[in-house]
Structures are given as C-alpha cells and as structure tokens.
Participant: 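This is the structure, below, for whatever I ask next.
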Amino acid sequence: MVTVTVLPHHEICPEGATVELNEGDNLLEGLHEHGVKIEHACDMSKACTTCHVVIRQGFDSLEEMDDIEADLLDRAWGLEPNSRLSCQCIVADENLTIHIPKYTLNHAKENH
Ligand code: FES
C-alpha cells in the first residue's frame, strides 16, 4: 500500500485527506474512490488540464510524462516543476504528497 497525502484545497478537500492506494492504481481514480473529487473535464482522455496536481513528495517515483501531457501542462493554471495530470499518473512504490492547485483553467477563464 502507498499512502497519498492530499494537502487541503478550499473546495475539493478543505481538511486535506490521507488515502491508501495500491501500486499500479491510477492516481485520479484512486482519489475519487476515496472521496477526493478532483476535476476531470475530459474524462481522463488527456485533453484538458483540470486534473492538474503538483506532486510535492514522491514525484520521481512516477513514470515520466509523455509529450502530450507536457504540452497540456504548459497551459495549466499554477504550473510548477513537479506538476502532473493526475489522470495520467500510476501510483508506484513511494508515498505521495499532492497539492491541488487553487484554480483550474476553467476557473481561471471565469476570472476568479
Ligand atoms: Fe483531462 Fe486528465 S482529466 S487530462
């Protein structure tokens, strides 16, 4: 089991969350199953950036992103060096700590 610590996000999980996932689990799906409802506007088809998260711990344990993910992330709100699309992350053998950016691109367009 891998422990995923989700830092508090004002809407999605105000108190933060700690969930246990298995190696090989999809990060976005695993978090959803535990009630952490990260947005996923394109239904995980790598066509939006609403599932953007920043991996604060355990980033190097994840498989490297491909070019499509990298291109999409370039458009994400609050991009950081350790940003990933959570729908493309497969949990490996290290615990993760993730930060959900305050806004998604959808929100940013609405001038929040
Ligand atoms: Fe759209 Fe992840 S849900 S890219």
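In listed order, ligands and their atoms are each counted from 1.
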Participant: Examine distances only and state if a side-chain atom of Asn82 and a backbone atom of Arg56 form a donor-acceptor pair shorter than 3.5 Å.
Facilitator: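 Pair absent, no side-chain N/O of Asn82 close to backbone of Arg56.
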Participant: So what's near atom 1 (Fe) of ligand 1, protein N, O or S atoms under 2.8 Å?
Facilitator: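 Result, waters dropped: Cys42 SG, Cys48 SG.
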Participant: Which value, rounded to the nearest 0.5 Å, describes the distance between Cys51 atom SG and Asp43 atom CG?
Facilitator: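 Between Cys51 SG and Asp43 CG, I get 11.0 Å after rounding to 0.5 Å.
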Participant: Please round to the nearest 0.5 Å and tell me the distance separating atom OG1 of Thr104 and atom NE2 of His52.
Facilitator: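 Answer for the OG1-NE2 pair, Thr104 versus His52, is 11.0 Å.
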Participant: Got a sec, which pairs hit ring-ring contact (aromatic ring centres under 6.0 Å, His included) with one end in residues 22-47, sequence neighbours left out?
Facilitator: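 As it turns out, the ring-ring contact (aromatic ring centres under 6.0 Å, His included) pairs with a partner in residues 22-47, which skip direct neighbours, are His32-His40.
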Participant: Counting C-beta onward and ignoring hydrogens, is there a side-chain heavy-atom pair between Ile100 and Val6 closer than 4.5 Å?
Facilitator: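 They are in contact (side-chain heavy atoms under 4.5 Å apart), so the answer is yes.
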Participant: Charged N to carboxylate O under 4.0 angstrom, Arg84 versus Glu69?
Facilitator: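 Glu69 and Arg84: salt-bridged.
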